[in-house]
Amino acid sequence: MHNRKYMLAVLLMMALLLSACGSSAAPAAEPAEELGGSAEEVVYEKLADEPYEAVEYTLFPAPEGGYVGDVMPFVTEDGTLEIYYLYDTDTNGQGYHPIYKYSTTDLCGYKDHGMVLNYGQMSDPDPALGTGSVMQDQEGLYHLFYTGHNDNGNNGKGKECVMHATSTDRENWVKDKDVLFFAPEGYSKDDFRDPEVFWVEKDQCYWLLMAARENTLGGVVIKYTSTDLRNWEFIGPIFAPMAQYMLECPDLFCIGDTWYLTYSWDCVTYYAMSDSMGGPFVPPKDNILDGKGLTDGSGFIFYAAKTAELDGRLYLCAWHGRAGLSSDSGVYQWAGSVMNHQLVQREDKTLGVKAPETFADYFTIDKLVFAAPLTDGVEVNGNSISLSAEEGTYALADMGTRPATMTLECDVTLDEEGCAGFAFGGSDKDETFTALCLDAKWNLLHYEGYEIEEIDRYDPGAITKFNFSRADVHHVKLVCENEIVVLYIDDTKALTSRITHSVNGYHIGVFANGCNATFSNISIKIPG
């Protein structure tokens, strides 16, 4: 990186005095020659480190000693979102993935209910549990449909099957002794999972959607129907894109007159659209809402998403994977933390995501915004920062120690093929800054732990596609809780990352790499 010498202490004092008088930003650094030096001796002063203390995970929880795997959201009659999930650990034994539960009323704090359904014995069909769904029948009884998995193959019937438990209070669940069914003829006996069950009023029956695999079609979503939730009739595929090995964790929902089917594979959650509940479903050209690896299978950024409607808002509930073998690599392992995005239907009926609106009731205190230039080409004006960097160089402004949990909103403009974004680092213990990129050259959002000067040396890795040409100004929001940093842009896309280079006292800043960029109307909020 550029060598960072220190500016005369008087500049920092000026910034602090201005902020105390109501200014929301530090002034741009003046040439050193005006303080007795020559223009060639311009040096810059980073902002002083502030105390830092990690916070409890209240937005993106994970269980103590474990991780959140595939989720099964259910909304109660009293307006509580219950997130059932597969509990994963680093030390899974012969039996694994019991179902645990969180509950929340606002996505800003969660109650941990612990385990609600355990796995079976090796002699049972379910020594491992797989994803399913929770629903309430017409008589008020609660049902949990789930995948039973046994690597022994259940005496030739197949490794996976549909199983069932019931409850009157959603805390105490009683398993059925009998398997509901295995894969139908012509489908893989070992890849048959993730039952999603719901009542269909117009058909006066229940639908059950399954992730299955057929040799010719590949991964498909198949449909069953039932009137009693015990006897199921196989109908056939409702979606067969012939594109993935499996279409895990299918979910079906409607916004207005358009139906959407979500499904997951390649470490990614996808979606397809239809004018009819029964299809045909067609994936839009860009059908990914959060990040993925540049090559399939390189990390679980946002996976196994299913929907839940709470207080009139529709959420896409999933998980963000835990860090891979190296931190800040953009590669994430299976299972991690709860991650919920609020869904948006765009004008063309494609989907977008944004930060849950309920976060506004959690982040209520404005934090003073001020900044100090760390390079040439930086102009600070109130709560706006303009940056200009020639090709092969970058401009960087420091906004001080990043709070452990915060939101940052701003409007961003950048050159047609520019790359700018947010920088993390620059504390007393490590002066380097890594780059969370808004990359108009590649039409991507990305973060891989690259230092700013490394951006041009390596291709993007952990990415979200985003078309910067659709607007001149882009509204960006960061939601941060400890190392988890979620970037939202234009109510369209998200990129979820774990950035360890943003915690433990590291600073946050903005940069432009070989281009012009402006970050205006910057607002930072912390919890009340």
Side-chain angles (χ1 to χ4, degrees), residues 54-90 92 96-119 129-136 142-147 165 167 169-173 194 196 249 251 262 264 269 290 300 302-311 313-322 332 334-343 355-359 361-362 405 479 481-484 486 496 498 527:
V55 297
E56 180 182 357
Y57 292 92
T58 59
L59 306 178
F60 312 120
E64 185 175 356
Y67 308 99
V68 174
D70 297 353
V71 301
M72 296 153 267
F74 175 78
V75 178
T76 68
E77 292 180 350
D78 66 355
T80 298
L81 171 59
E82 296 183 336
I83 295 182
Y84 299 78
Y85 66 92
L86 303 183
Y87 177 89
D88 191 43
T89 74
D90 290 321
N92 290 335
Y96 57 95
H97 289 169
I99 294 175
Y100 278 50
K101 181 173 76 170
Y102 282 119
S103 65
T104 181
T105 57
D106 58 7
L107 285 75
C108 297
Y110 291 78
K111 178 181 178 181
D112 187 348
H113 296 255
M115 185 174 65
V116 297
L117 193 72
N118 203 0
Y119 49 77
L129 305 187
T131 321
S133 57
V134 176
M135 51 86 64
Q136 186 176 21
Y142 299 100
H143 299 258
L144 198 168
F145 293 87
Y146 65 98
T147 305
S167 175
D169 60 5
R170 302 187 313 280
E171 297 291 336
N172 301 286
W173 293 87
D194 308 338
E196 178 70 21
C249 304
D251 188 31
T262 57
S264 295
T269 295
D290 200 333
F300 293 93
F302 183 76
Y303 197 70
K306 291 191 174 189
T307 54
E309 184 174 345
L310 184 66
D311 294 331
R313 302 182 181 104
L314 191 62
Y315 297 100
L316 198 57
C317 308
W319 52 265
H320 173 52
R322 61 189 186 272
Y332 306 101
W334 195 93
S337 305
V338 168
M339 183 59 58
N340 300 310
H341 301 318
Q342 187 170 334
L343 274 170
E357 293 173 18
T358 54
F359 287 3
D361 296 325
Y362 180 73
T405 184
V479 179
E481 187 172 65
N482 297 324
E483 86 289 356
I484 296 176
V486 188
T496 303
R498 293 187 187 269

From CA spacing to verdict: side chain to side chain contact (heavy atoms under 4.5 Å, CB included), Leu129, Thr147: CA-CA 6 Å; Leu129 305 187; Thr147 305; over 6 Å; no
Could you go through the side-chain hydrogen bond (donor to acceptor under 3.5 Å, both in side chains) check for Tyr362 and Thr58 one step at a time? CA-CA 10 Å; Tyr362 180 73; Thr58 59; 2.9 Å; yes
With side-chain hydrogen bond (donor to acceptor under 3.5 Å, both in side chains) as the criterion, how do Ser167 and Asn172 come out once you've worked through the C-alpha distance, each side chain's angles and the decisive distance to 0.1 Å? CA-CA 6 Å; Ser167 175; Asn172 301 286; over 6 Å; no
Evaluation steps, side chain to side chain contact (heavy atoms under 4.5 Å, CB included), between Arg170 and Lys101: CA-CA 10 Å; Arg170 302 187 313 280; Lys101 181 173 76 170; 4.1 Å; yes
Are Thr358 and Asp361 close enough, and set up right, to give a side-chain hydrogen bond (donor to acceptor under 3.5 Å, both in side chains), and what steps lead you there? CA-CA 6 Å; Thr358 54; Asp361 296 325; over 6 Å; no
Steps toward side chain to side chain contact (heavy atoms under 4.5 Å, CB included) verdict (His97, Asp88): CA-CA 6 Å; His97 289 169; Asp88 191 43; 3.1 Å; yes
Stepwise side chain to side chain contact (heavy atoms under 4.5 Å, CB included) check, Val486 with His341: CA-CA 10 Å; Val486 188; His341 301 318; 4.0 Å; yes
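Ser264 and Thr269 share a donor-acceptor pair across their side chains, judged by distance under 3.5 Å alone. In summary, the side chains of Asp290 and Thr496 do present a donor paired with an acceptor at a separation below 3.5 Å, with no hydrogens or angles considered. Using modelled atom types, one finds a donor on one side chain and an acceptor on the other under 3.5 Å when comparing His113 with Glu171.
Here the closest heavy-atom approach between residue Ala62 and residue Gly336 is recorded as CB-O, 3.4 Å. Taking all atoms of both residues into account, the shortest heavy-atom contact from Leu107 to Pro356 is CD2-CG, 4.1 Å. For Gly132 against Lys306, the heavy-atom pair with the smallest separation is O-NZ, 2.8 Å.
For Tyr87, the ring-ring contact (aromatic ring centres under 6.0 Å, His included) partners at least two apart in sequence or on another chain are Tyr100. Remark: Tyr110 engages Asn340 in a side chain to side chain donor-acceptor pair (under 3.5 Å) (not counting sequence neighbours). With sequence neighbours excluded, the residues satisfying ring-ring contact (aromatic ring centres under 6.0 Å, His included) with Tyr85 are Tyr102. In this view, Asp70 and Thr131, Trp319 satisfy the side chain to side chain donor-acceptor pair (under 3.5 Å) rule, not counting sequence neighbours. Judged as a side chain to side chain donor-acceptor pair (under 3.5 Å), and not counting sequence neighbours, the contacts of Tyr67 are Asp90.
A heavy-atom distance below 4.5 Å is not found between the side chains of Leu117 and Pro98. In this structure, the side chains of Cys108 and Leu59 come closer than 4.5 Å at one or more pairs of heavy atoms. Side chains of Tyr84 and Val71 form no contact here, defined as non-hydrogen atoms less than 4.5 Å apart. With contacts defined as side-chain heavy-atom distances shorter than 4.5 Å, the pair Val116/Trp173 qualifies. The side-chain heavy atoms of Phe359 and Val479, taken from C-beta on, include a pair separated by under 4.5 Å.
With rounding to the nearest 0.5 Å, the separation of OG1 in Thr76 from CG in Leu81 is 8.5 Å. Atom-to-atom distance recorded for Thr105:OG1 and Glu82:CD is 12.0 Å, nearest 0.5 angstrom. How far SG of Cys249 is from CD of Glu196: 9.0 Å, rounded to the nearest 0.5 Å. Between Leu316 atom CG and Leu343 atom CG the span is 5.0 Å, to the nearest 0.5 Å. To the nearest 0.5 angstrom, Ser133 atom OG is 7.5 Å from Leu144 atom CG.
Under the salt bridge (charged side-chain N to carboxylate O under 4.0 Å, His left out) criterion, no residue pair touches residues 104-117, with sequence neighbours excluded.
Using cut-offs of 30° and 60° for the angle between ring planes, the Trp334 and Phe300 rings count as perpendicular.
Partner of Ser337 under the side-chain hydrogen bond (donor to acceptor under 3.5 Å, both in side chains) criterion, out of Glu481, Glu483, Arg498, Arg322: Arg498 alone. Of the options Leu86, Ile83, Asp251, a side-chain contact (heavy atoms from CB on, under 4.5 Å) to Met72 is made by Leu86 and by none of the others. For the ring pair (Phe, Tyr, Trp, His ring centres under 6.0 Å) criterion with His320, the lone passing option out of Tyr332, Tyr303, Phe302 is Tyr332.
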